[in-house]
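Following: one structure in structure tokens, then a few remarks.
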Amino acid sequence: WVKVDTFPASVSAIYAVDNPNLKYGMTGISAYIDSGKSKITCGLGGNTLNSKELKKSTWYHVVFVISSSSLKEYINGQLTDSIYNNGKNATSSSGDAYARLGSSRRSTNFFKGIIDDVKIFDCAINAAQIKALYNNQSCLTAWYKMDGNGSDSSGNKRNAVVYGTTAVNDRNNKSKS
């Protein structure tokens, strides 16, 4: 879940990872303005998916699905974009083992908004599973509740590094501190 306070002209990273040991390498989810329209983009290497125009200060459930054949972006349970996965997954030798929440892999391009309840799966979930995401944790790799830290609540010990953020109430207006 994300609530964007500001859609910048340049990319504002919501999630970023560049782990050379991961199957898909450089992946990310960002907020930005494209041709005057506020959007969320999901990317794998040089392949990007774009949402339709979104509003700031509104909660959105964002899902990025990567499979060997396709890349898909869902906003609020609806497929917003899909492309063929050409298999040219970019990685870099300077990547590390950390997922970044709220910044790019170089701790720049800070996200201006709120991130809540991040889950990472080790499989490509389908549209029905996305609609029932809270009930399906069969291939859950990491679960970030965003309760003031980057601790992994899945039990898989995949903690994230959280930079430049402050704990605030979640989308249900419950305290995270």
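For this chain, numbers begin at 1 and follow the sequence in order.
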| side-chain contact (heavy atoms from CB on, under 4.5 Å) between I40 and Y32, worked out | CA-CA 6 Å; I40 291 179; Y32 75 112; over 6 Å; no

Are any non-hydrogen side-chain atoms of [X] and [Y] less than 4.5 angstrom apart?
X	Y	result
E73	V63	no
I29	T41	no
N109	S12	no
K131	Q78	yes
I75	S51	yes
W1	I114	no
I120	Y15	yes
F111	D5	no

If you group Ile, Leu, Val, Met, Phe, Trp and Tyr by side-chain heavy-atom gaps below 4.5 Å, do [X] and [Y] land in one group?
X	Y	result
I130	F121	yes
I33	V4	yes
Y60	L49	yes

| request: For the pair D152 (side chain) and W143 (backbone), establish whether a donor and an acceptor sit closer than 3.5 Å, ignoring hydrogens and angles. | output: yes

| query | If only atom types and distance count, is the side chain of Q129 paired as donor or acceptor with the main-chain N or O of N126 below 3.5 Å? | reply | yes

| task | List for me each residue that meets salt bridge (charged side-chain N to carboxylate O under 4.0 Å, His left out) alongside K39, sequence neighbours excluded, and say none if there are none. | result | D34

| task | Sequence neighbours left out, what passes side chain to side chain donor-acceptor pair (under 3.5 Å) with S103? Give chain and number order. | result | none

| query | Which pairs pass salt bridge (Lys or Arg N to Asp or Glu O under 4.0 Å) with one or both residues in residues 50-62, sequence neighbours excluded? | reply | none

| request: Over all heavy atoms of both residues, which pair between Y144 and S151 is shortest? Give the atoms and the distance, please. | output: CD2-O, 3.6 Å

